[in-house]
Undergrad: 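Okay, handing you the structure first.
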Amino acid sequence: MFYEDVHVGDPLPGLTVTVDERQMFFFSAATYNGHRIHYDKDWARTVEGYDNVLVQGPLQAALLARAITDWIGGRGRLVEYAVQNRAVAFPGEELSFGGVVTGKRLADGTGLVDLDIAGRRGSTVLMPGTATVALPRREESA
């Protein structure tokens, strides 16, 4: 994909994922996250007051970043990325990750594209944010 192919208002292709407890276990291990709320259902229910264990916010953020990097391809770069964790997600729920192009600009010859991004469970926004990506320009490829 090239900078010239992207327009304000374009949606990113969505990424839909149903996180399971096995994936959560491996993510916790890889990130050294030992918080019991991500693996101990009794703890999540009795101590924290949730119906189930919670999908890690950083895992949701990684999936949202993956939606962006899948869209920009191997020649694009994720330049800026900021998200806020606003709601909980449980394993087994279908989560969707995506965004929309909100701006374009050239900076020192680099094609930058601004995005509003979000992770969602149905209509609930779990993780809103913004990102900027750098995309190659056609003239660079000639």
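For the single chain, residues carry numbers from 1 onward in sequence order.
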Undergrad: Let's go through Q56 and S28 carefully: what are the C-alpha distance in whole Å and the side-chain angles of both, what is the deciding distance for side-chain hydrogen bond (donor to acceptor under 3.5 Å, both in side chains) to 0.1 Å, and is it a yes or a no?
TA: CA-CA 8 Å; Q56 300 93 330; S28 283; 2.6 Å; yes
Undergrad: How many angstroms lie between CG in N52 and CD in E21, if you round to the nearest 0.5 Å?
TA: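 Going from CG on N52 over to CD on E21, the span is 6.0 Å.
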Undergrad: Let me have the donor-acceptor pairs involving side chains of residues 128-135, under 3.5 Å, with sequence neighbours excluded, atom names and distances please.
TA:
unit_1: T132; atom_1: OG1; unit_2: D114; atom_2: OD1; d: 2.8

Undergrad: Considering non-hydrogen atoms only, spot the tightest contact between L126 and R120 and give its length.
TA: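 It is CD1-C, 3.9 Å.
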Undergrad: For the atom pair OG1 (T124) and CD (E93), what is the distance rounded to the nearest 0.5 Å?
TA: 9.0 Å
Undergrad: Take atom CZ of R105 as the centre, draw a 6.0 Å sphere, and report whether it contains more than 12 heavy atoms from other residues, nucleotides or ligands.
TA: yes
Undergrad: Using a 4.5 Å cut-off on heavy atoms from C-beta on, say whether the side chain of L54 contacts that of F90.
TA: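 F90 vs L54: side chains touch.
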Undergrad: Would D42 and R36 count as a salt bridge (Lys or Arg N to Asp or Glu O under 4.0 Å) here? Give the steps.
TA: CA-CA 9 Å; D42 288 336; R36 292 172 70 173; over 6 Å; no
Undergrad: P91 versus V53: any side-chain heavy-atom pair under 4.5 Å?
TA: yes
Undergrad: Do the side chain of E4 and the main chain of R138 share a donor and acceptor less than 3.5 angstrom apart?
TA: yes
Undergrad: Please check: side-chain N/O of R75 versus main-chain N/O of F2, any donor-acceptor pairing under 3.5 Å?
TA: no
Undergrad: Sequence neighbours excluded, which residues qualify as side chain to side chain contact (heavy atoms under 4.5 Å, CB included) partners of D10?
TA: V6, H7, V101
Undergrad: With no hydrogens and no angle check, is any side-chain donor or acceptor of R45 less than 3.5 Å from a backbone partner on D51?
TA: yes
Undergrad: So T18 and E94, do their side chains get closer than 4.5 Å, heavy atoms only?
TA: yes
Undergrad: Over all heavy atoms of both residues, which pair between M127 and G57 is shortest? Give the atoms and the distance, please.
TA: CE-O, 3.4 Å
Undergrad: Please step through side-chain contact (heavy atoms from CB on, under 4.5 Å) for the pair D40 and V47, ending with a clear verdict.
TA: CA-CA 10 Å; D40 185 335; V47 177; over 6 Å; no
Undergrad: Nearest 0.5 Å, please: how far is CD in Q23 from CG in L59?
TA: 5.0 Å
Undergrad: State whether the number of non-hydrogen atoms from other residues, nucleotides or ligands found under 6.0 Å of K41 atom NZ is greater than 12.
TA: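 No, because the 6.0 Å sphere around NZ of K41 holds 12 heavy atoms or fewer from other groups.
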Undergrad: Mind listing the closest non-hydrogen atom pair of L15 and A67 along with its distance?
TA: CB-CB, 3.9 Å
Undergrad: Side-chain contact, heavy-atom cut-off 4.5 Å: V113 with Y3?
TA: yes
Undergrad: Going by heavy atoms in the side chains, are I117 and Y81 under 4.5 Å from each other?
TA: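 The answer is yes, as the side chains (C-beta and beyond) meet within the 4.5 Å cut-off.
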Undergrad: Do Y39 and F27 belong together in a cluster built from hydrophobic side chains that touch within less than 4.5 Å?
TA: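 No, it is not one cluster - the side chains of Y39 and F27 are not joined through contacts under 4.5 Å.
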Undergrad: Return yes if some donor-acceptor pair links the side-chain N/O of R137 with the main-chain N/O of G109 below 3.5 Å, else return no.
TA: yes
Undergrad: Which heavy-atom pair separates L106 from G111 by the least distance, and what is that distance?
TA: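 In this case the closest contact between L106 and G111 is CD2-CA, 3.8 Å.
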Undergrad: Nearest 0.5 Å, please: how far is CD in Q60 from CZ in R86?
TA: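 Interatomic distance, R86 CZ to Q60 CD, rounded to 0.5 Å: 13.0 Å.
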Undergrad: Indicate if V17 and V83 have the same hydrophobic cluster label, given that clusters are the connected sets of ILVMFWY residues with side-chain heavy-atom separations under 4.5 angstrom.
TA: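 Shared cluster, yes.
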Undergrad: Check for me, please, whether Y50 and L95 land in the same ILVMFWY cluster - side-chain distances under 4.5 Å, paths through other members count.
TA: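 Y50 and L95: separate clusters.
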Undergrad: Report yes if the side chains of R66 and F97 come closer than 4.5 Å at any heavy-atom pair, otherwise no.
TA: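 The answer is no; the side chains never approach within 4.5 Å.
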Undergrad: Against L115, only a single residue in I68, T102, V100, L78 fulfils side-chain contact (heavy atoms from CB on, under 4.5 Å); can you say which?
TA: I68
